[in-house]
Structure formats: structure tokens, C-alpha cells
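Accompanying notes for the structure given below.
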Amino acid sequence: MKTHRLPPEFYLRTDVVLVARELLGKILITEINGIRTSGRITETEAYRAPDDRACHAFGNLRTARTEVMFQEGGRAYIYLCYGIHHLFNVVTAPQETAHAVLIRAIEPIEGEDVMYERRGLPKKISGKILTRLTTGPGSVSKALGIHTGLNGISLLSGDSPVWIADEGRAYLPEDIQSGPRIGIDYSGECAAWPWRFWVKNTPFVKK
DNA sequence: CAAACGATCGGCT
DNA sequence: GCCGATCGTTTGC
């Protein structure tokens, strides 16, 4: 799987909305303390400075927190939301261009049992995976062991505990839906931009 | 230094 | 559906 790690060029493109769409179907993997967990990305959102009011770096606002977003594409921007949730974003575009993609949901592939433990959920009894395990950005991070301590790490270097792989399977355009992003009602006209993408016909997307 | 505010979640009604 | 939890970041006084 590491051999199919997404190359720098994938992240360096300037069209973050396109990258958000293309991240659907890619595999998000963590290997923390030798424990591997992974899942197929099923829901994303694009955030784009300077014109997107919902982006933390709106107006190219540069602070200690947003600094990572200004770095070269291919790193993780992880921040704390509501004092509880560690939200995982993929930094894209060349240095000085603050774009990022929030990963909102995945479909578990490896390490399901560890995910249940990390989430504090009772282990499944039937064959079906509880969709709540990895739907919603806070849940994704918790299930994969991602936290703000990993903010800024590279997704490209061979020894990174977090990376994204391409299995070679892309979703067809007709299998993808788009709509307004979640929880950004404060951001004026930007709130209506259809920069949220999700896979049709999968239970692993939050309603 | 104080205070307001989230790119949310889960429990309870 | 509604609501409280919980704390780092940011901004304003």
C-alpha cells in the first residue's frame, strides 16, 4: 500500500475543489505505535484562502494556527474544534497558497477492532460495521488515532505515521454528489458554495 | 487579561 | 430535534 502513496503533484495543484473531489475513493492510512488502521474516503470539503470566508486563512490571515496551510501541499492541518474534536485536513497547493481539504468520513478497511476501541464503542456483534464508527470529521480522527499533536506532519515522507494511498479505483462522476459545506452558516455567500463532496450509495456519509 | 466562538458529537426528549 | 460539553485561537480592551 505504501508503494501507492499519492505523489507530491497530487497535492500541489491549485484547484482545491478538484482535489477534494478526487480524494473520494483514496485510502487514508495511519500506522501509530505499529498499529495500522485505514479506510476509503467517502466525504470531503474544500477550503480556499483568500476568498473563502469559511477558511481559517480567509483574507490570507496568517497566524500560528493557520501557518501550516501556507506550507507546500502534502501536509496535515489538524486543529481542535469545539474543544473536543481533532479535525484532519489535507493541505494542498504550492507554498504561500492556503488551501486545504477536510476529510469528513471514511469507510473502514483495516483495523476495525482498534477503531471501535479508540471510539469507545461496543464491538460489533453482527457482520455490519456501525456507520457511526467513521462518519463525521471528529469520528474519523478518533478512529484513526489522529490528534493535534500530529499537526503539520508530511503525508509524503516514507516514515510518516499518516498518509494517503491510491488503490487505483476512482469513483465515476455519476457516483459522486456535491452540496454546501456543513456548519459554516456564518460565512455569508460562501456558505452556499457546493464544495462538499460525497459518495452516493454508501452508508458511510453523515446525514 | 478577558471573552467569544467554533469546519462537532452523542445523549436525551 | 435540541442542547451541553469543552478548550485553543483570536481579537479587543
Side-chain angles (χ1 to χ4, degrees), chain A residues 11 16-21 23-24 28 39 41-71 73 75-93 97-108 115-124 129-153 155 162 164 177-199 203-207:
Chain A
Y11 303 102
V16 66
V17 179
L18 176 69
V19 174
R21 191 197 323 253
L23 275 170
L24 295 178
L28 177 57
I41 297 171
T42 52
E43 186 182 5
T44 62
E45 281 178 0
Y47 288 87
R48 184 181 78 185
D51 59 321
D52 172 16
R53 192 170 287 277
C55 180
H56 291 161
F58 172 64
N60 283 336
L61 176 72
R62 212 159 176 146
T63 65
R65 180 173 67 151
T66 63
E67 190 59 35
V68 176
M69 274 203 276
F70 288 88
Q71 293 189 37
R75 290 175 183 275
Y77 169 45
I78 304 159
Y79 73 96
L80 192 65
C81 185
Y82 291 97
I84 304 170
H85 308 290
H86 301 244
L87 270 48
F88 174 78
N89 300 253
V90 178
V91 175
T92 71
T97 301
H99 295 176
V101 177
L102 172 68
I103 306 301
R104 293 191 54 89
I106 64 170
E107 175 183 351
M115 294 187 193
Y116 274 94
E117 279 173 33
R118 286 178 177 150
R119 294 274 284 112
L121 293 168
K123 276 189 183 153
K124 63 173 193 266
I129 301 175
L130 198 60
T131 62
R132 214 179 62 183
L133 185 63
T134 53
T135 60
S139 301
V140 169
S141 291
K142 200 167 180 188
L144 293 179
I146 293 170
H147 53 89
T148 56
L150 298 172
N151 185 39
I153 59 159
L155 307 174
V162 184
I164 299 176
Q177 287 189 317
S178 63
R181 293 168 291 176
I182 304 290
I184 56 154
D185 296 341
Y186 60 90
S187 60
E189 297 193 349
C190 314
W193 296 350
W195 287 5
R196 172 179 173 238
F197 299 95
W198 68 94
V199 176
F204 292 97
V205 167
K206 214 169 171 186
K207 289 192 276 298

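Heavy atoms only: backbone and side chains are in, while hydrogens, waters and symmetry mates are out. Below, read A as the first sequence line, B as the second, and so on, with proteins coming before strands; counting in each chain starts at 1. Just so we're clear, the structure is a prediction, and the values are computed from it rather than from any experiment.
A salt bridge (Lys or Arg N to Asp or Glu O under 4.0 Å) with A/E43 holds for exactly one of A/R104, A/K207, A/R181; it is A/R104.
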Could you list, one pair per line, each protein nitrogen or oxygen that sits under 3.5 Å from a nitrogen or oxygen of nucleotides 10-13 of chain B, together with the distance?
from   : atom 1 : to     : atom 2 : distance (Å)
B/dG10 : OP1    : A/R119 : NH1    : 2.5
B/dG10 : OP1    : A/R119 : NH2    : 3.0

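The distance from atom CD1 of A/I103 to atom CD1 of A/I164, rounded to the nearest 0.5 Å, is 5.5 Å. In this structure, A/T42 OG1 and A/W198 CH2 are separated by 12.0 Å, a value rounded to the nearest 0.5 Å. One finds the CG atom of A/L87 at 4.5 Å from the OH atom of A/Y79 (value rounded to the nearest 0.5 Å).
Phosphate contact (OP1/OP2 of B/dA7, side-chain N/O of A/Y77, threshold under 4.0 Å): absent. Checking the phosphate oxygens (OP1, OP2) of B/dA7, no side-chain nitrogen or oxygen of A/R196 falls inside 4.0 Å.
A donor-acceptor distance shorter than 3.5 angstrom exists from the side chain of A/R119 to the backbone of A/R132, with no hydrogens or angles considered.
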Which parts of nucleotides 2-13 of chain C does protein reach within less than 4.0 Å, heavy atoms only, written one letter per nucleotide 5' to 3' as B for base, S for sugar-phosphate only and - for none? ---BBBSSSS--
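With sequence neighbours excluded, no residue satisfies side-chain hydrogen bond (donor to acceptor under 3.5 Å, both in side chains) with A/E117.
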Dot-bracket assigned to DNA chain C with the 3.5 Å Watson-Crick/G-U criterion, [ ] for crossing and | for other-strand pairs, is |||||.||||||.
When the side chains of residues 141-153 of chain A are checked against the rest of the protein, which donor-acceptor pairs come out under 3.5 Å, sequence neighbours left out?
from   : atom 1 : to     : atom 2 : distance (Å)
A/S141 : OG     : A/H86  : O      : 2.5
A/H147 : ND1    : A/G149 : N      : 3.0
A/N151 : OD1    : A/I78  : N      : 2.9

N/O donor to acceptor pairs below 3.5 angstrom from side-chain atoms of residues 53-63 of chain A, sequence neighbours left out:
from  : atom 1 : to    : atom 2 : distance (Å)
A/H56 : ND1    : A/Y77 : OH     : 2.7
A/R62 : NE     : A/E67 : OE1    : 3.2
A/R62 : NH1    : A/E96 : OE1    : 2.7
A/R62 : NH2    : A/E67 : OE2    : 3.0
A/T63 : OG1    : A/R65 : N      : 3.3
A/T63 : OG1    : A/T66 : N      : 3.3
A/T63 : OG1    : A/T66 : OG1    : 3.4

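A/L102 comes within 4.0 angstrom of a base, heavy atoms only.
Atom C1' of nucleotide C/dG1 and atom NZ of A/K207 are separated by 15 Å, given to the nearest angstrom. Between A/I182 atom CD1 and B/dA7 atom C1' the separation is 10 Å, expressed in whole Å. Taking atom OH of residue A/Y186 and atom C1' of nucleotide B/dA7, one finds them 6 Å apart after rounding to whole Å. Here B/dC9 presents its C1' atom at 11 Å from CG of A/L87, a figure rounded to the nearest Å.
You'll find the side chain of A/T131 stays beyond 4.5 Å of the side chain of A/V205, heavy atoms only. Two residues are said to be in side-chain contact when any heavy atoms from C-beta on lie closer than 4.5 Å; A/I129 and A/F204 meet this criterion.
Between the side chains of A/E45 and A/W195, no donor-acceptor pair of N or O atoms lies under 3.5 Å.
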